[in-house]
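Here's the structure, in structure tokens; my notes come after.
Given the structure is predicted, the values throughout are model-derived calculations rather than measurements.
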Amino acid sequence: VSAPARAAALLLQLAPDDYVVHEIYGVGKYHGMVTREVAGVSRDYLLISYYGDDRLYLPTEQLEAITKYTGGDTPRLNRLGSTEWEKSKSRARRAVQDIAEELISLYSKRLRAEGHAFSPDTPWQAELENSFPYVETPDQVRAIEAVKEDMEKPIPMDRLVCGDVGYGKTEVAVRAVFKAVQDSKQAAVLVPTTILAQQHHQTFTERFAGFPVKVAQLSRFLTAAEQSEVLEDVSVGKVDVVIGTHRLLQPDVKFHDLGLLVVDEEQRFGVKHKEKIKQLRERVDVLTMTATPIPRTLEMGVTGIRDLSLMDTPPIDRRPVLTYVGDYDERMVSAAIRRELARDGQVFLVHNRVRSIAASARRIAALVPGARVTVAHGQMSEAELEKVMFDVWDGKVDVLVCTTIIESGLDIPAMNTLIVERADLLGLAQLYQLRGRVGRAAERAYAYFFYPHETVLTDEAHERLKTLSEYTELGSGFKIALRDLEMRGAGNLLGAEQSGHIAAVGFDLYMRMMTEAIAELSGRAEEAKPKIRLDIPADAYIPADYIARESLRMDAYRQIEKVRTSADVRALEEEFADLYGELPKPVQNLLLVAELKAFLVDQGITEAAVRNGVLKVKPFPELAESQQMRLRRLLPGAVYKPASSTLLLDVPAEDVAGWVLASLRAILSVE
């Protein structure tokens, strides 16, 4: 498991008062772990409350049945035994089925389609790749190799490259486009905004300088005559690479011989545009790029239907953003702006109220005389907004006072200081995304998250800001706003209308349903694991004085639940002894029960329960005559009933789990 995944798992461990989802009983509230004695045997249970006074004591061996609830707002608790939860699940399952069917149908059409198998790399390809001025990250290398492999196959490529802003997705596209052009095919690069088209046009033109490749841009910034000229050149094949906004999807755009379509941030296009992209996807190679995090659970289901490359490694020269969280301090704001301007940098100042944003800009201009201050917000027209962003990009603006519209989009290397005036009013995912706007070059970046001096922070706001100040290392977005960001990612990938279903059943369960539906429709469904009823009178739990922290105890139970062999048990015994000291009897029993369970699964046995000193085991494997003789010799009181595949044994009063495991092994051992 990767380090970020481990860190995420730690961050996501349950704490009392978290909401959880049980796949059978629905949404409840977790209240911690309790040890209870039932029928003279002590075990650990998770206490979960439901609507009214309903309570559920969940045995630790059923941990897999629950997940932490993520679904946006505070959920409504379900009532135990009501049909409401089943209805929510059914609705979500139907929605999931529709998406899965659409994915599968698109996939099967693609497999049947005749695509162009691109030729292997040329010497020019090697020359272009060697001219890349940076060292590729391992993820970047893997993504590039995967894209080229896909392009050389005769079926149309459909690969999704996902990575944070500045992690090198554009270079993956540059190399794919160049490969397409080497085979005398045209490439189109589709982006959501005119300014991004401009930025990509500049990047591609610079990278292809020195090669006979004609790059053109098609956007509404061109005059009608210029647009006509580009359209004419594209239709006769004079243009090799055309970069543009959704203008590229208009009916009057005719390609001479399109071989590759690159789509940047597909989720930001409208329904009609997506429909056009979908039609193209069946015929030409498509490379989609996104900075939206892909839910790990969804990744498992979609891989193989949509090929996926994840880029999690930051570039070598990328440094963590120095983060300050505290009371608003005008002197600190002034000093931060002056320091940035002294090194010829630019500043983002986030003031998230359109009504008072102009006053805020005037205040900043008075605070730092000589600084060129400009305003940007979502109520400006697209043309006005683009003009401002072009000025920022061209270095004509020192301080951009704006709302959270800067959250996603531009790569401005000189923008290396971020100031947020009312950080207490923003969500964690927003704050993390905003911080991602700076620190994109080798320069050290600074982020200041302020709140008013007299404000009493809510617990949630305090927790958000504390988390943000603690997790500043690179890639920590995976830990920080993981769930919040993933939900947004799921909405982007699957359609915003899914958010209601996700909220109803919780993110994890929804994603599990999605994975199962895709697997089932594509013939990759796994067989359901047999449910085992194991009821052995043994104190089997982890005492709080052995592992004090509840999150670590929970993690230990999860590890024990994964035990599949005796070797797994021995390894855990050693690990626990090493970490926490000698294993107390209840922990030894717990591991014995886990080993017994693994043995029963291997033998196809689904029930082993002790009642009134008698163990009943079924369905018990058929015994050969020699095994029956051994049974009578070893355990004279045993009763074997071949007709009902049942074995009955009298058990001792002490060490039941170990005795049962040893006895069953002895009876079933190979002759």
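Between Asp555 and Arg558 there is no salt bridge, since no side-chain N of the basic residue sits under 4.0 Å from a carboxylate O of the acidic one.
The backbone N or O of Tyr51 lies less than 3.5 Å from no partner atom in the side chain of Arg79, so there is not a single donor-acceptor pair. Between the side chain of Glu384 and the main chain of Ser381, a donor-acceptor pair closer than 3.5 Å is present. No side-chain donor-acceptor contact under 3.5 Å links Ser334 to the backbone of Glu330. Judged by distance alone, with hydrogens and angles left aside, the side-chain atoms of Thr323 form a donor-acceptor pair with the main-chain N or O of Val321 at under 3.5 Å. A donor-acceptor contact shorter than 3.5 Å is absent between the side chain of Gln379 and the backbone of Val354. Lys89 places a side-chain N or O within 3.5 Å of a backbone atom of Glu23 that can act as its donor or acceptor partner. Between the Ser356 side chain and the Ala359 main chain, no donor and acceptor come within less than 3.5 Å of each other.
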Decide side-chain contact (heavy atoms from CB on, under 4.5 Å) for Tyr510 and Val96; before the verdict, give the C-alpha distance in whole Å, the side-chain angles of both, and the deciding distance to 0.1 Å. CA-CA 8 Å; Tyr510 182 89; Val96 154; 3.6 Å; yes
Evaluate side-chain contact (heavy atoms from CB on, under 4.5 Å) for Met33 paired with Tyr541, printing each intermediate quantity in order. CA-CA 11 Å; Met33 212 180 276; Tyr541 64 100; over 6 Å; no
Would Val21 and Val505 count as a side-chain contact (heavy atoms from CB on, under 4.5 Å) if you check the C-alpha gap in whole Å, the side-chain angles of each, and the deciding distance to 0.1 Å? CA-CA 7 Å; Val21 181; Val505 298; 5.7 Å; no
Please evaluate residues Val172 and Val147 with respect to the criterion side-chain contact (heavy atoms from CB on, under 4.5 Å), reporting the C-alpha separation (whole Å), side-chain torsions for both, the decisive distance (0.1 Å), and the verdict. CA-CA 8 Å; Val172 177; Val147 167; 4.0 Å; yes
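To the nearest 0.5 Å, the span separating CG on Asp264 from OG1 on Thr170 amounts to 6.5 Å. Rounding to the nearest 0.5 Å gives a distance of 6.0 Å between OH of Tyr19 and CG of Leu77. Atom CD1 in Ile547 sits 12.0 Å away from atom CE in Met554 (nearest 0.5 Å). Atoms NE2 and OG1, on His200 and Thr203 in that order, are 7.0 Å from each other to the nearest 0.5 Å. Atom CZ in Arg444 sits 4.0 Å away from atom CG in Leu322 (nearest 0.5 Å). One finds the CD atom of Glu136 at 5.5 Å from the CD1 atom of Ile144 (value rounded to the nearest 0.5 Å).
The one candidate from Gln140, Arg142, Arg159 that meets the side-chain hydrogen bond (donor to acceptor under 3.5 Å, both in side chains) condition with Ser309 is Arg159.
Between Gln346 and Leu400 there is no side-chain heavy-atom pair separated by less than 4.5 Å. Residues Leu349 and Ser360 meet the side-chain proximity criterion, which asks for heavy atoms closer than 4.5 Å. Residues Phe449 and Arg435 have side chains in contact (heavy-atom distance under 4.5 Å, counting atoms from C-beta outward). At a threshold of 4.5 Å between non-hydrogen side-chain atoms, the residues Thr60 and Leu46 count as touching. No side-chain heavy atom of Ile364 sits under 4.5 Å from any side-chain heavy atom of His351. At least one side-chain heavy atom of Asn416 sits less than 4.5 Å from a side-chain heavy atom of Glu340. For the pair Asn352 and Arg422, the minimum side-chain heavy-atom distance is 4.5 Å or more. Looking only at side-chain heavy atoms (C-beta outward), Tyr446 and Val438 stay at 4.5 Å or farther from each other.
Met311 and Lys169 make their closest contact through CE-N, 3.9 Å (heavy atoms, listed as atom of the first residue, atom of the second, distance). Looking at every heavy atom in both residues, Tyr25 comes nearest to Trp85 through C-CD1, 3.8 Å. What you find for Gln198 and Trp393 is that their closest heavy atoms are CG-CZ3, 3.2 Å. Nearest heavy-atom pair across Leu287 and Ala176 is CD2-CB, 4.1 Å. Considering all non-hydrogen atoms of both residues, Thr245 and Thr194 come closest at CG2-N, 3.5 Å. Of all heavy-atom pairs spanning Ala504 and Val27, the tightest one is O-CG2, 4.3 Å.
At most 12 non-hydrogen atoms from other residues, nucleotides or ligands lie less than 6.0 angstrom from CZ of Arg76. Annotation: Asp394, atom CG; neighbour count of heavy atoms from other residues, nucleotides and ligands within 6.0 Å is above 12. No more than 12 heavy atoms of other residues, nucleotides or ligands sit less than 6.0 Å from atom CZ of Arg353.
Phe450 and Tyr448 have parallel rings, their planes meeting at less than 30° on a 0 to 90° scale where 60° marks the start of perpendicular.
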